[in-house]
Number of protein chains: 2
Amino acid sequence: MTATKPPPAASERTRRRAASKRALATAANLLDAAERLFAERGYDGASVRDIASAAGAQVASVSFHHGGKETLFERVVERRASELGELRIAALEKARANGEQLSLEAVLSAFVRPYLEKAANDAQWLAYARLVAMVSADRRWRHISQRLFDPTAGIFIDEIAALFPEAKRSAIAVTFVFSVSAMLSVSTSRWRIEELAEDAPGEFLEIDALADPLIRYCASGIRAAVA
Amino acid sequence: MTATKPPPAASERTRRRAASKRALATAANLLDAAERLFAERGYDGASVRDIASAAGAQVASVSFHHGGKETLFERVVERRASELGELRIAALEKARANGEQLSLEAVLSAFVRPYLEKAANDAQWLAYARLVAMVSADRRWRHISQRLFDPTAGIFIDEIAALFPEAKRSAIAVTFVFSVSAMLSVSTSRWRIEELAEDAPGEFLEIDALADPLIRYCASGIRAAVA
DNA sequence: GTCTATATGTAGATAGAC
DNA sequence: GTCTATCTACATATAGAC
């Protein structure tokens, strides 16, 4: 975009260790490429070589900017998880601001829609669900689940538990995990939905088409299971 | 178990190319070890070296008996999928033999319970769900889904569709995929359930404890989503 | 910060002796 | 059928020049 960085002028005495634009871009490009390849091929299936190459960077830059493959993976997940967590809490508070008691559908909507809206318009966000599914299904990434997913999950479980004062929190947690799995399948297994729904090819290309059925499915399922 | 194979007697003229007991055992041990390691570490995370070593066999035996890593993986999935598919169809026909119209719960039960009963008593069966989740979430294994999963899935989707004559089959297929995801999470994410259900440690160590909530959850979810 | 070169380990597959 | 040895390719990571 910009011209090559000019040589430092004599007056430039205030050089600090602020990262250059190019360095920041390299670090960010690596994150983007890593996100795509980890989602496509899994953690072990994606090599740092391919990630660096896809980012137009050198292999060595992965260790330099991100410390190694494992921390690169964790940073990839963290970047999305932080933003999405904030969006979900904001959606919950906005729904609460309307005054009266929240419905179960409203709570689930605050959890599900911020993600589906991102995923509908951005392939990187769509791919993020595959990373979440990998982390949620693998004890190897337990520390990532605990640090990045559990706080938000706990808030929503509490919110649902408040709607069913007579139910045990553990029963709510079970249905919450079922619901998250169903939501993730929208991204990880949409191709299977397409194949099994032979009568309507392309019906679910738009991810939004799955939001309403998903929320109705989860809400009704939770009500029945905690009763 | 038995003594060492005695040297062939002179009368043993009918030697055919039937596999020896030991060869069959090697091939089977490789399947067992591969199932365990693939489930634990994923396809790329499990090396044929480690699989052979865990089976007490040589690296070269994997290629010899199973043709290579990919076909070994496919055989691992096939062995379980065939048996489970038959159990599910049998459960469906047994439920149908009771005469009247099947309830949605009965259909889901015929799909879910054969697996959960196996998984409750056998760690290899429990681990199988992780393989199914891997295959269902990865287009790379599309041919395995189509060949081993889709036939049974199609039968159950048809069965559910018959209960909702006014609903589109594609809508049923969506809820079926949601339900399978929820079922798989019982195996892949039970540790997350345990962590999120802080108030009841150990409550879900017995997998059976999840069967009833799961079936109620899925049945009610399907009814609400296809309406 | 980037880049080349390399260190060190492991991957999957197979040839050929036994 | 098994086993040893080896082939070729690729993995992550780092040292040191620029």
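Proteins get letters first, then strands, A, B, ... in listed order; numbering begins at 1 in each.
- Listed pair B/Gln58 / D/dG1 fails the phosphate criterion, with no side-chain N or O lying under 4.0 Å from OP1 or OP2.
- A centroid separation of 6.0 Å or more is found between the aromatic rings of B/Tyr128 and B/Phe38.
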Produce the list of close N/O pairs, under 3.5 Å, pairing protein atoms with atoms of nucleotides 13-18 of chain C; give distances to one decimal.
{"unit_1": "C/dA13", "atom_1": "OP2", "unit_2": "B/Lys69", "atom_2": "N", "d": "3.2"}

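- Taking atom NE2 of residue A/His65 and atom C1' of nucleotide C/dT2, one finds them 8 Å apart after rounding to whole Å.
- For residues 55-67 of chain B, every residue pair satisfying the side chain to side chain donor-acceptor pair (under 3.5 Å) rule, not counting sequence neighbours, is listed here: B/His66-B/Arg75.
- OP1 or OP2 of C/dT10 has not a single side-chain nitrogen or oxygen of B/Ser47 nearer than 4.0 Å.
- Remark: A/Glu117 pairs with no residue by the salt bridge (charged side-chain N to carboxylate O under 4.0 Å, His left out) rule, at least two apart or across chains.
- With respect to the salt-bridge test (charged N to carboxylate O, under 4.0 angstrom), the residues A/Arg79 and A/Asp32 qualify.
- For the salt bridge (charged side-chain N to carboxylate O under 4.0 Å, His left out) test, no residue two or more places apart in sequence or in another chain qualifies with B/Lys69.
- Note: CG (B/Asp44) to P (C/dA11) measures 12 Å, nearest angstrom.
- The stretch residues 131-148 of chain B participates, sequence neighbours left out, in these salt bridge (Lys or Arg N to Asp or Glu O under 4.0 Å) pairs: A/Glu195-B/Arg142, B/Asp44-B/Arg140, B/Glu74-B/Arg147, B/Glu78-B/Arg147.
- The separation between A/His66 atom NE2 and D/dA13 atom C1' is 16 Å, rounded to whole Å.
- Using a 4.0 Å cut-off on heavy atoms, none of the residues of residues 23-41 of chain A approach DNA chain D.
- Taking atom OH of A/Tyr43 as the reference point, atom C1' of D/dA11 lies 11 Å away to the nearest angstrom.
- Salt bridge B/Arg130/B/Glu40: absent, no basic N to carboxylate O contact under 4.0 Å.
- Side-chain contact check for A/Tyr115 versus A/Leu126: some heavy-atom pair is nearer than 4.5 Å.
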